[in-house]
Asks: 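Please read through the structure below; I'll follow up with questions.
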Amino acid sequence: MSEQQRPKKRRTLIKFAVQKSVYVAGVGNTTDWDFITSTIGKDADTGKEIKTDCFYCEWLNSYGTVAIQQQADGTSQTARIRMTFVQTVYDALQNGMVKIYKNGITDAAHCFVLASSPDNYAESNKMLEFNVKHYEVK
């Protein structure tokens, strides 16, 4: 992987949750948020898959005219995320409603939503880049 196709600092922990809506007879639609997991290897002893819902990324906050424009649009915080390409994350970002939790903390103050479509950098399946936004919680 060339240096241009690698996130420089993968120090911020993030988690992704995808919206799942199910119709329950007599109740109506119910909405849950399921965390996206990815296989990271196999246990040497048992051969079982090891899965994680924690991903590390390069988190770059917006500033300057971009931040000013987004604040005028009602967005309190924006960021650009670069991370190693994960197919399940890419598919979820392309096709569903996804919440991104900064630092792995799953509360409203750390919850971001997608602000741009995800970019499979250079179509090489090595790096994923996208923008997120956070609305002010009061």
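Source: prediction; values computed, not measured. Numbering of residues begins at 1 and proceeds along the displayed sequence.
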Asks: Counting distance only, does the side-chain N/O of Thr78 pair as donor-acceptor with the main-chain N or O of Lys133 below 3.5 Å?
Replies: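 No: the side chain of Thr78 does not pair with the backbone of Lys133.
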Asks: Once rounded to the nearest 0.5 Å, what's the spacing between atom CD of Glu123 and atom CZ of Phe85?
Replies: 8.5 Å
Asks: Rounded to the nearest 0.5 Å, how far does OG1 of Thr12 lie from CZ of Arg82?
Replies: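 Answer for the CZ-OG1 pair, Arg82 versus Thr12, is 13.0 Å.
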Asks: Can you measure from CD1 (Ile14) to CZ (Phe55) and round to the nearest 0.5 angstrom?
Replies: 8.0 Å
Asks: Between Leu93 and Phe130, is any pair of side-chain heavy atoms under 4.5 Å apart?
Replies: yes
Asks: Take Glu129 and Glu58 through the side-chain contact (heavy atoms from CB on, under 4.5 Å) test and state the conclusion after the steps.
Replies: CA-CA 9 Å; Glu129 183 175 286; Glu58 176 184 5; over 6 Å; no
Asks: When you compare the side chain of Phe35 with that of Val18, does any pair of heavy atoms fall below 4.5 Å?
Replies: no
Asks: Can you tell me how far SG of Cys57 sits from CD1 of Ile100, rounded to the nearest 0.5 angstrom?
Replies: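 Here the interatomic distance stands at 10.0 Å.
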Asks: Quick one: does any side-chain atom of Thr52 pair with a main-chain N or O of Cys54 as donor and acceptor, under 3.5 Å?
Replies: yes
Asks: Looking at Tyr101, I'd like to know if the NZ or CZ of Lys15 sits under 6.0 Å from its six-membered ring centre while staying within 45 degrees of the ring's axis.
Replies: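 No, cation not above the ring by the 6.0 Å, 45° rule.
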Asks: Looking at residues at least two apart in the chain, or sitting in another chain, which of them share a side chain to side chain donor-acceptor pair (under 3.5 Å) with Gln19?
Replies: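 Checked Gln19 against side chain to side chain donor-acceptor pair (under 3.5 Å); zero matches.
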Asks: What pairs meet the side chain to side chain donor-acceptor pair (under 3.5 Å) rule with one or both residues in residues 90-100, with sequence neighbours excluded?
Replies: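 Applying side chain to side chain donor-acceptor pair (under 3.5 Å) to every pair that reaches into residues 90-100, excluding sequence neighbours, yields Gln87-Asp91, Tyr90-Gln94.
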Asks: Under 4.5 Å between any side-chain heavy atoms of Asn131 and Ile81, yes or no?
Replies: no
Asks: Do Val86 and Val132 share a hydrophobic cluster, counting only Ile, Leu, Val, Met, Phe, Trp and Tyr and linking them when any side-chain heavy atoms are less than 4.5 Å apart?
Replies: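 Hydrophobic grouping puts Val86 with Val132.
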Asks: Check whether the ring centres of Phe112 and Trp59 lie less than 6.0 Å apart, and answer yes or no.
Replies: yes
Asks: Are Leu128 and Val89 packed together at the side-chain level, in the sense that at least one heavy-atom pair is separated by less than 4.5 angstrom?
Replies: yes
Asks: Identify the two heavy atoms, one from Asn120 and one from Ser124, that lie closest to each other, and give their separation to 0.1 Å.
Replies: OD1-N, 3.6 Å
Asks: To the nearest 0.5 Å, tell me how far Asn61 CG sits from Arg80 CZ.
Replies: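 Between atom CG of Asn61 and atom CZ of Arg80 there are 11.0 Å.
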Asks: Clusters formed by hydrophobic residues whose side-chain heavy atoms approach within less than 4.5 Å: which one holds Tyr23, and what are its other members?
Replies: none
Asks: Under 4.5 Å between any side-chain heavy atoms of Lys42 and Ile50, yes or no?
Replies: no
Asks: To the closest 0.5 Å, what do you measure between OG1 (Thr37) and CD1 (Ile40)?
Replies: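 Between atom OG1 of Thr37 and atom CD1 of Ile40 there are 10.5 Å.
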Asks: For the residue pair His110 and Ile105, what are the closest heavy atoms and their distance?
Replies: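 For His110 versus Ile105, the nearest heavy atoms are CB-O, 3.3 Å.
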Asks: For the NZ atom on Lys48, are there more than 12 heavy atoms of other groups (residues, nucleotides or ligands in this structure) within a distance under 6.0 Å?
Replies: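 Atom NZ in Lys48 is not packed in, count stays at 12 or less.
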